[in-house]
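Each ligand, and each atom within it, is numbered from 1 in the order the structure gives. No hydrogens, no waters, no symmetry mates; every other heavy atom, side chains included, goes into these values.
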Amino acid sequence: MMTPRHHTLLLVAACALGSSCAPQTEDRPNILLVTLDTTRPDRLGCYGWEGAVTPKIDALAARGVRFEMALSTAGITPMAHASILTGLNPYNHGLRVFHGEVGHTLRGEIATLPEALSAVGYETAGFVSAYPLSPYYGLDQGFETYRTGIEKTQDQLDLTQPVRSLRESVLLNEPSSRFQRRADSTTAQAIDWLKKRDGDSPWFAWVHFFDVHDLSLVPPPEWAERFGVSYDEVPHQRDLALKEAFYDMELAWMDHQLGLLFDHLEQSGALEDTVIVITADHGQGLSDGQRLHGWSRHRLIYQWSIQIPLLIAGPKIPSGEVVDALARATDIAPTLLELTDAPPLGPMDGASLMPLIAGEKVEQRIAYADALNLQDSHAPLSRLPEGCRDDLHAVFDGRYKLIHHRGSPEESELYDLESDPSEQHDLYQSEPEIAERLRAFLIEDQALSLRKVSPEAGGPDRDALDQLGYTGDDSKD
Ligand SMILES: [Zn+2]
């Protein structure tokens with residue numbers, strides 16, 4: 001279905017130079033894209049969580065559109081973000097693993113959302129909060145300004161020793177460490193950029209928060225009091241009740257920081273001209289993931305890992321609507337290109353969400369996600385649940401979800417999410433025709449092909465990934 005897209009950038013450049021496809025920049029809205037790392041929709045008030053701690057996010061949902069069922073393309077940070085920024089599934093954008101011979105950087109010839117917006121006059125900036133979004137993975141491609149917050153050298157902070165326990169790694173009042181930073185640091189930098197920019201051109205800012213990803217990336221101590229936790233305790237990933245208390249506290253902190261960003265937009269008069277998208281790269285197992293599938297973190301491609309919040313508000317977006325039709329992370333870039341009258345990036349796997357928002361009848365969208373555990377030199381293979389130590393490819397047609405096991409296809413899984421949203425009753429043996437119909441998508445789209453590349457010497461910073469909990473020994477969990 002997909003074709004090579006070598007001329008994508010030329011297309012974008014041609015539109016920028018010509019007048020026929022370039023409306024006046026003053027007609028174009030600003031774009032604020034917020035990605036909340038590891039944030040499950042069902043922990044947000046606007047998705048029905050009773051213990052809601054997210055008033056700012058919920059208020060944005062109320063004045064915009066909320067997508068009830070939105071899926072990411074991966075359970076891991078860089079791969080999922082690459083899909084958001086390109087509109088492509090991982091087998092087309094090329095960022096497949098943390099490190100390995102199937103690609104760990106965004107392929108250079110792939111056009112990105114900031115490149116397209118820049119070509120039609122936007123100022124572009126990315127403010128991210130953790131190493132997995134560092135330029136190592138190529139996610140800075142196309143941004144004029146790109147800040148990771150990990151510029152400080154080791155000796156500028158008192159966090160120079162390898163983390164031996166989470167207690168030692170609790171940051172308390174420290175807003176940034178070697179490999180990640182807290183939402184207040186990221187927010188301050190984004191607001192500073194917004195204040196300092198001048199001129200009338202519209203802007204595109206991507207703001208990424210990492211707090212709920214890491215138990216140790218905690219808000220200031222007064223927040224602990226509010227959430228009934230103590231930083232004197234030793235939180236552990238396996239202490240699921242405490243983990244969930246920390247998760248909610250850090251989610252509330254991110255919401256608070258988003259509120260400061262929204263306040264700035266309102267005070268500066270930019271809010272009404274700004275389209276705001278809030279989403280996540282993936283979810284998190286928490287206690288239900290552990291109970292249902294033996295995994296409390298992310299990476300796998302069950303719903304608790306790949307279902308994401310998706311909210312959009314601003315000019316041309318109706319208020320208070322809920323869309324039930326399937327939306328995908330790859331639909332975000334095409335939607336923003338439509339709202340900004342920017343030319344397409346080239347063939348994309350995603351499609352604009354505007355027809356769904358307008359309630360039009362559209363062809364059923366197919367969602368894809370993968371976890372190439374066998375190809376990733378940073379996959380915690382021996383610790384994954386036994387049935388998941390394989391390359392996993394998911395296809396979802398709005399009702400049925402196939403999880404194809406690449407190494408052992410006979411162990412593939414099939415779920416009817418309408419009657420079995422928790423993915424507990426495997427229909428793979430009893431419904432072979434449905435499984436084959438979904439598998440045909442993988443074959444037609446060449447989703448199973450593994451494009452071999454030469455991995456860079458050295459690979460990513462293993463210490464960074466270990467300390468952020470992606471790999472390493474169990475004591476870090
Ligand atoms: Zn992530």
Side-chain angles (χ1 to χ4, degrees), residues 33-44 70-86 90 93 95-99 104-106 126-140 148-150 177 179-183 186 206-217 237 243 246-247 250-251 253-254 257-258 277-286 289 295-310 328-330 332 369-373 376 378-380 384 460-461 464-472 476-477:
L33 170 64
V34 177
T35 58
L36 304 173
D37 212 291
T38 325
T39 297
R40 288 172 53 142
D42 59 0
R43 302 296 277 215
L44 305 178
L71 292 185
S72 179
T73 60
I76 297 181
T77 311
M79 302 70 157
H81 276 96
S83 290
I84 292 171
L85 293 173
T86 64
H93 65 54
L95 209 178
R96 315 297 313 270
V97 291
F98 276 126
H99 188 247
H104 55 269
T105 53
L106 188 61
F127 304 94
V128 301
S129 302
Y131 179 78
L133 296 177
S134 68
Y136 176 82
Y137 293 101
L139 291 160
D140 59 329
T148 64
I150 51 176
S177 76
F179 307 122
Q180 60 179 328
R181 61 170 161 173
R182 219 167 52 183
T186 316
W206 167 31
V207 173
H208 161 260
F209 293 159
F210 199 62
D211 303 64
V212 299
H213 186 282
D214 192 332
L215 289 183
S216 68
L217 193 60
Q237 291 269 8
K243 181 177 176 176
F246 270 65
Y247 186 91
E250 291 168 358
L251 187 53
W253 170 251
M254 297 198 303
Q257 293 299 321
L258 268 187
V277 174
I278 297 181
T279 188
D281 54 349
H282 52 77
Q284 168 91 306
L286 298 175
W295 194 245
S296 63
R297 299 185 294 161
H298 52 98
R299 176 180 280 276
L300 299 183
I301 49 177
Y302 293 111
Q303 292 299 88
W304 42 257
S305 183
I306 60 168
Q307 195 169 345
I308 49 174
L310 180 56
R328 306 161 297 185
T330 52
I332 294 170
D370 66 30
L372 301 187
N373 298 319
D376 193 343
H378 286 254
L384 288 173
D461 189 324
L465 295 177
D466 282 350
Q467 289 205 22
L468 296 175
Y470 285 101
T471 54
K476 310 254 175 42
D477 295 341

- Note on the structure: The OD2(Asp281)-the Zn ion (ligand 1)-NE2(His282) angle, to 10°, is 100°
- What angle sits at the Zn ion (ligand 1) between OD2 of Asp37 and OG1 of Thr77, to 10°? 100°
- Please lay out, stage by stage, how Val128 and Leu139 fare under the test side-chain contact (heavy atoms from CB on, under 4.5 Å). CA-CA 10 Å; Val128 301; Leu139 291 160; over 6 Å; no
- With distance as the sole criterion, is a donor-acceptor pair present between the side chains of Arg181 and Thr186 under 3.5 Å? yes
- Would you indicate whether the side-chain heavy atoms of Arg96 and His104 approach each other to under 4.5 Å? no
- Which value, rounded to the nearest 0.5 Å, describes the distance between Phe246 atom CZ and Trp253 atom CH2? 14.5 Å
- Message: At a threshold of 2.8 Å, where the distance has to be below it, does the Zn ion (ligand 1) have an N, O or S atom of His213 nearby?
- Response: no
